[in-house]
Amino acid sequence: MKRLHVKLSIFLVLLPMLCRAVEERPVSLNTPAGTIEGKMLLPDAERPPVVLIIAGSGPTDMDGNTVMGAVTIKNNSLKLLAEGLARQGIASLRYDKRGIATSAAAGKKEADLRFDDYVADAREWIDWLDTDGRFSGIFVVGHSEGSLIGMLASAGNARVKGFVSLAGAGRPAYEIIEEQMSGQPAEIRLLVKTFNDSLRAGKTIADVPVGLMALYRPSVQPYLISWYRYDPQEVVAGLEQPVLIVQGDKDIQVSVEDAELLKTAQPRATLQLVENMNHVLKRCESVDAAVQQATYTNPDLPVVENLLNVIGKFIKP
């Protein structure tokens, strides 16, 4: 009977959290290039804090899934993150970047797209949230490439109460690309460095070999020039808000070293390593690529619970 009483007591303590009502509603941001679509999760709480969740690079949608034409590879990492934070009484807004999924109509021609377009969009979402009197404060969570976007959107922005870098790179994009090419023959590595040096100087490349066209095609070079301007260490060093740096120790896309570089650049920041978490925020005890891949395509696998606790404690200390 005593054991039953203990179990019932625990259930009654957890019941409010389990039953917390959460409302999801679509939201839109009008821009000159088109409408950017998003979703808000609103917990049943009076003046909750709200988090702007910014997705990573490439064709990644608001839920953290990869959109390849008519095919979507699902892991639902950012959707699950938003839902987990809602259970802690934290509202969120996540959105499809311009040109992706429901925001496809807002996409620009590749030759006209700049990294700063994504930063401007994030700032506009922050301004949009600031006009809504329901929230006690605005926080920004940037995942992967979204970390740098979120940093830049938060820099000098008094509307942002705190910033979370979630699996964010600690090095400029050109350094990461050169590292990724480290297994290539010496002549290819030298060519990549030469091209990157040219783009860093703001100069486009006219003669690109076929083998490197996917990376350095003429239409993407202006975007790379705009992206290469930013060093995450320099940007995070200038943030005045509280900063939380979160990194999984089983992430095979972004290293623990990247998180440590950000922490060194911003000594006031809090660094939290999450055990057995990979790049899509799922539990994985192996760094083997095949084992990891199974988590990248499993939308039913939850995000690591400790991740929710770490972010929740930062937002609601």
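When atom types are taken as modelled, the side chain of His279 and the backbone of Tyr296 share no donor-acceptor pair closer than 3.5 angstrom. The backbone N or O of Phe115 sits less than 3.5 Å from a side-chain atom of Ser226, completing a donor-acceptor pair. Using a distance-only test at 3.5 Å, with no hydrogens or angles considered, no donor-acceptor pair links the side chain of Glu240 to the main chain of Gly156. Of the possible donor and acceptor atoms, none in the side chain of Asn76 sits under 3.5 Å from a partner among the backbone N and O of Lys79. Side-chain N or O atoms of Asp258 include one that pairs as donor or acceptor with a backbone N or O of Ser255 at under 3.5 Å. Side-chain atoms of Thr60 never come within 3.5 Å of backbone atoms of Thr66 as a donor-acceptor pair (strictly under, hydrogens ignored). Of the possible donor and acceptor atoms, none in the side chain of Ser147 sits under 3.5 Å from a partner among the backbone N and O of His143. Side chain of Gln266 to backbone of Val236: a donor-acceptor contact under 3.5 angstrom is found. Counting only distance, with no hydrogens or angles, the side chain of Gln88 and the backbone of Leu308 share a donor-acceptor pair below 3.5 Å.
Two residues are said to be in side-chain contact when any heavy atoms from C-beta on lie closer than 4.5 Å; Ile138 and Phe135 fail this criterion. Using a 4.5 Å cut-off on side-chain heavy atoms (C-beta onward), Met62 and Lys39 make contact. Taking the side chain as every heavy atom from C-beta outward, Val192 and Phe195 never approach each other to under 4.5 Å. Side-chain atoms of Arg217 and Val208, non-hydrogen and from C-beta on, never get closer than 4.5 Å to each other. Counting heavy atoms from C-beta on, the side chains of Thr297 and Asn75 never come closer than 4.5 Å. Taking the side chain as every heavy atom from C-beta outward, Val22 and Asp44 never approach each other to under 4.5 Å. When side chains are defined from C-beta on, Tyr230 does not count as touching Pro172, because their heavy atoms never get closer than 4.5 Å. In this structure, Ser103 and Lys97 have side chains that are not in contact, with every pair of non-hydrogen atoms separated by 4.5 Å or more.
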One pair to check against salt bridge (Lys or Arg N to Asp or Glu O under 4.0 Å): Arg171 and Asp231. What are the steps and the verdict? CA-CA 6 Å; Arg171 296 162 291 161; Asp231 182 338; over 6 Å; no
Intermediate values then yes/no, side chain to side chain contact (heavy atoms under 4.5 Å, CB included), Asp249 and Met277: CA-CA 6 Å; Asp249 68 354; Met277 185 177 80; 5.6 Å; no
Taking it one step at a time, do Thr72 and Asn65 satisfy side chain to side chain donor-acceptor pair (under 3.5 Å)? CA-CA 7 Å; Thr72 301; Asn65 303 324; over 6 Å; no
Hey, mind stepping through Val50 and Phe139 against side chain to side chain contact (heavy atoms under 4.5 Å, CB included) and telling me if it holds? CA-CA 6 Å; Val50 63; Phe139 293 79; over 6 Å; no
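A continuous path of ILVMFWY side-chain contacts below 4.5 Å connects Phe163 to Leu273, so both sit in one hydrophobic cluster. Under the 4.5 Å side-chain heavy-atom criterion for Ile, Leu, Val, Met, Phe, Trp and Tyr, Ile176 and Leu212 are members of distinct hydrophobic clusters. Linking Ile, Leu, Val, Met, Phe, Trp and Tyr whenever their side-chain heavy atoms come within less than 4.5 Å leaves Ile245 and Val274 in two separate clusters. Under a hydrophobic-cluster definition in which Ile, Leu, Val, Met, Phe, Trp and Tyr are linked whenever side-chain heavy atoms come within less than 4.5 Å, directly or via other members, Leu52 and Leu42 are assigned to the same cluster. Residues Val140 and Val254 do not share a hydrophobic cluster, clusters being chains of Ile/Leu/Val/Met/Phe/Trp/Tyr side chains in contact below 4.5 Å.
Ile54 contributes atom CD1, which lies 10.0 Å from atom CG of Asp121 (distance to the nearest 0.5 angstrom). Between atom NZ of residue Lys203 and atom OG of residue Ser198 there is a gap of 6.5 Å, rounded to the nearest 0.5 Å. Here the OH-CG distance, from Tyr95 to Asp61, works out to 13.0 Å after rounding to the nearest 0.5 Å. To the nearest 0.5 Å, atom CG of residue Asp300 and atom CG of residue Leu80 are 8.5 Å apart. Rounded to the nearest 0.5 Å, atoms CG (Asp130) and CZ (Arg159) are 5.0 Å apart.
Residue pairs meeting the salt bridge (Lys or Arg N to Asp or Glu O under 4.0 Å) criterion with at least one partner in residues 260-286, sequence neighbours excluded, are Arg283-Glu285.
Among all heavy-atom pairs drawn from Ser154 and Val160, the shortest one is OG-CG1, 3.7 Å.
The existence of a salt bridge linking Asp127 and Arg123 is excluded, since no basic side-chain nitrogen approaches an acidic carboxylate oxygen closer than 4.0 Å. Using a cutoff of 4.0 Å between basic side-chain nitrogens and carboxylate oxygens, Glu24 and Arg94 are scored as salt-bridged. Using a cutoff of 4.0 Å between basic side-chain nitrogens and carboxylate oxygens, Asp132 and Arg134 are scored as salt-bridged. Ion pairing of Arg87 with Glu83 is absent here, as no side-chain N (NZ or NE/NH1/NH2) approaches a carboxylate O to less than 4.0 Å.
Evaluation of the side chain to side chain donor-acceptor pair (under 3.5 Å) rule for Lys250 yields Asn276 as partners, not counting sequence neighbours.
Between the side chains of Thr102 and Asp96, at least one donor N or O sits under 3.5 Å from an acceptor N or O. Using a 3.5 Å distance cut-off with no hydrogens or angles, the side chains of Thr35 and Asn30 do pair a donor with an acceptor.
Relative to the ring axis of Tyr174, Arg200 places its NZ or CZ within 45° and under 6.0 Å from the centre.
The aromatic rings of Trp125 and Trp128 stand perpendicular to each other, their planes meeting at an angle above 60°, with 30° marking the opposite boundary.
Under a cut-off of 6.0 angstrom, the local environment of NZ in Lys108 is crowded, with over 12 non-hydrogen atoms contributed by other residues, nucleotides or ligands.
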